[in-house]
Amino acid sequence: MIAGTNDGIISEIAAKIEAGGRVTFDEGVILAEQADLLELGRLANRVRERKNGNFAYYNTNIHLNPTNVCVYRCVFCAFRSDLKDAKRYTFTDDMILERVAEAKAAGATEIHVVGGLHHQKGFDWYLNVVRVIHEACPEIHIKAWTAVEINWFSYLTKQSTRRVLEQMRDAGLGSMPGGGAEIFHADVRDKICEHKADGEEWIKIHREAHELGLRTNATMLYGHIDQPMHWVDHLCRLRTLQDQTHGFQTFIPLAFHPDNTGLDHVTKPSGLTDLRVMALSRIMLDNFDHIKAYWIMLGEKTAQVALSFGADDLDGTVVHELIYHDAGAKTPEGLTVDQIHRLIIEAGRIPVERDTLYRRVIREGNGSTWRIGEPIRVNDSRVATVSV
Ligand code: V47
Ligand code: SF4
């Protein structure tokens with residue numbers, strides 16, 4: 001039984017979730033605001049295990065933020081820089097190649113590329129980033145550019161966002177990360193990032209990417225000036241697009257880190273809020289296969305608990321992450337595969353290395369080479385056992 005002022009209604013919603021039914025917007029708001037956290041977690045865990053059994057995924061990836069110079073001034077962002085700030089930087093081709101060599105040596109299957117919108121760099125500069133990586137290492141999957149960046153490139157070139165996506169795909173883009181989503185609801189978005197692509201534009205660009213055969217992720221930045229109804233609105237918009245395209249792979253709730261931002265007076269979300277948003281996301285997004293507990297921003301401990309609150313993925317080894325660390329994240333910049341395994345196994349789950357497209361990765365030799373293994377069968381996870 002779930003505690004709260006709406007006990008009867010909440011029990012009905014719980015029964016619906018148990019039976020595999022879909023939670024409405026109104027029901028989602030009730031769950032978000034009133035459900036007992038442990039019961040919400042139990043329900044999310046039911047959905048998680050139905051979809052992913054006992055498996056918990058991770059990948060070996062490396063980040064590249066090619067410039068921090070950005071025309072926008074999102075109030076939650078500690079990463080951006082003005083053109084003349086001392087902390088500004090912009091990668092050269094050689095620096096990109098060095099990062100690719102590092103990724104190769106680490107056996108990374110993915111490079112995650114996002115950055116600022118540099119007003120003195122044309123679209124060709126951004127296209128070149130993808131081309132340079134792809135030519136140097138065609139086997140690495142390039143997950144690059146948020147919908148906000150694609151929207152900016154369209155503004156720069158006066159070409160449609162679909163045409164921009166096609167050119168990126170032809171240069172080697174493999175998929176799109178989920179950033180730039182923040183909170184879609186205009187009441188919040190207009191206060192935290194009024195200038196950049198709005199919620200409708202973000203959804204439109206992901207729809208186009210899906211139609212072009214590119215898989216994408218989705219995120220939600222919570223814990224600043226947002227309220228539970230904004231979370232549910234955001235999740236419902238994603239769920240509607242997913243019903244139409246099935247192009248999303250993973251949803252990643254992103255906890256706000258206030259240090260060095262325009263919202264540094266805000267107290268960062270507690271571990272309990274992190275788990276509530278995780279569980280709510282798993283329940284609402286019944287058509288998403290995966291929910292990621294991004295350990296970089298949650299911290300390793302909360303991420304580990306999140307594996308029983310709806311999450312089935314920890315992201316990866318993540319080397320060279322800047323966006324959260326500039327905003328005060330205290331997590332290490334990278335975890336080794338052994339450390340990730342330990343986190344997962346201690347949580348009672350079975351670690352599976354995946355590539356960006358959730359195919360099993362099999363390591364060979366000393367681990368720096370790899371191949372794609374047999375398809376992942378969730379039922380196998382229900383019989384396998386692991387120990388630390
Ligand atoms: O869009 C920026 C967020 C996002 C802060 O797709 C902040 O696999 C918290 O989208 N506190 C970029 N969050 C990162 C991102 C991401 C991360 C991991 C995996 C994937 C994926 C995508 O970071 C931005 C914004 O929402 N962000 N500043 C901050 N101070
Ligand atoms: Fe620029 Fe992205 Fe930071 Fe906004 S979140 S200021 S778009 S780098």
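Both counts, for ligands and for their atoms, begin at 1 and track the order of listing.
Distances between N or O atoms of E182 and those of ligand 1 include at least one value under 3.5 Å. Considering backbone and side-chain N/O atoms, N217 comes within less than 3.5 Å of an N/O atom of ligand 1. Geometrically, ligand 1 and H257 share a nitrogen or oxygen pair separated by less than 3.5 Å. Any N or O atom pair closer than 3.5 Å counts here, and A181 shares no such pair with ligand 1.
Contact annotation: C74 places an N, O or S atom under 2.8 Å from atom 4 (Fe) of ligand 2.
The closest approach between H112 and ligand 1 falls below 4.0 Å for a heavy atom of the residue. The shell of residues lying under 4.0 angstrom from ligand 1, judged by heavy atoms, includes A255. Distances shorter than 4.0 angstrom occur between a heavy atom of L254 and an atom of ligand 1. A78 does not count as a contact of ligand 1, since none of its heavy atoms falls under 4.0 Å from the ligand. Not a single heavy atom of V114 lies less than 4.0 angstrom from ligand 1.
Among protein heavy atoms, atom 3 (Fe) of ligand 2 sits closest to C77 SG, 2.4 Å.
At a threshold of 4.0 Å, the pair D243-R22 counts as salt-bridged, since one of the basic side-chain nitrogens sits closer than that to a carboxylate oxygen. Taking 4.0 Å as the cut-off between side-chain N and carboxylate O, E201 and K196 do not count as a salt-bridged pair. A salt bridge links E353 to R363: one of the charged nitrogens lies within less than 4.0 Å of a carboxylate oxygen. Remark: K51 does not engage D286 in a salt bridge, criterion side-chain N to carboxylate O under 4.0 Å. A salt bridge links D82 with R80: the distance from a Lys NZ or Arg NE/NH1/NH2 to an Asp or Glu carboxylate oxygen falls below 4.0 Å. Under 4.0 Å is where a charged nitrogen must lie from a carboxylate oxygen, and between E364 and R371 at least one such pair does. Salt bridge D315/K292: present, at least one basic N to carboxylate O contact under 4.0 Å.
Only side-chain heavy atoms of C70 come within less than 4.0 Å of ligand 2; its backbone N, CA, C and O stay farther off. Counting heavy atoms closer than 4.0 Å to ligand 1, residue Y294 contributes side-chain atoms (C-beta onward) but none from N, CA, C or O. Neither the backbone nor the side chain of T146 comes within contact range of ligand 1; no heavy atom lies under 4.0 Å. Of all the heavy atoms of M297, none lies under 4.0 Å from any atom of ligand 1, so neither backbone nor side chain is involved. By the criterion of a heavy-atom distance under 4.0 Å, neither the backbone nor the side chain of V148 is placed next to ligand 1.
The atoms of ligand 1 that sit less than 4.0 Å from any heavy atom of G180 are 1 (O). Atom numbering of ligand 1 starts at 1 in the shown order; those under 4.0 Å from a heavy atom of P177 are 6 (O). Listed by number with element, the atoms of ligand 1 under 4.0 Å from a non-hydrogen atom of D315 are 19 (C). Those atoms of ligand 1 that come under 4.0 Å of a heavy atom in G179, given as number and element, are 1 (O), 10 (O). Against a heavy-atom cut-off of under 4.0 Å, K196 is close to the following atoms of ligand 2: 4 (Fe), 5 (S). Of all the atoms in ligand 1, the ones that sit under 4.0 Å from a non-hydrogen atom of I252 are 6 (O), 8 (O), 20 (C), 21 (C). Of all atoms in ligand 1, listed by their number and element, those nearer than 4.0 Å to a heavy atom of L221 are 7 (C), 9 (C), 13 (N), 26 (O).
Not one N or O on the side chain of R354 forms a donor-acceptor pair closer than 3.5 Å with the backbone of R359. Panel note: side chain N260, backbone A78; no donor-acceptor pair is recorded below 3.5 Å. Checked by atom type and distance alone, the side chain of R88 never pairs as donor or acceptor with a backbone atom of S81 at under 3.5 Å.
The minimum heavy-atom distance between P177 and W145, with the atom names listed, is CD-O, 3.4 Å.
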Could you check Y126 against F153 for ring pair (Phe, Tyr, Trp, His ring centres under 6.0 Å), going step by step and ending with a plain yes or no?
-> CA-CA 9 Å; Y126 288 89; F153 304 151; 4.7 Å; yes

Show your reasoning for whether side chain to side chain contact (heavy atoms under 4.5 Å, CB included) applies to Y58 and L335.
-> CA-CA 11 Å; Y58 69 95; L335 285 179; over 6 Å; no

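The residue from E346, R349, R342 that alone fulfils the side-chain hydrogen bond (donor to acceptor under 3.5 Å, both in side chains) condition with Q304 is E346.
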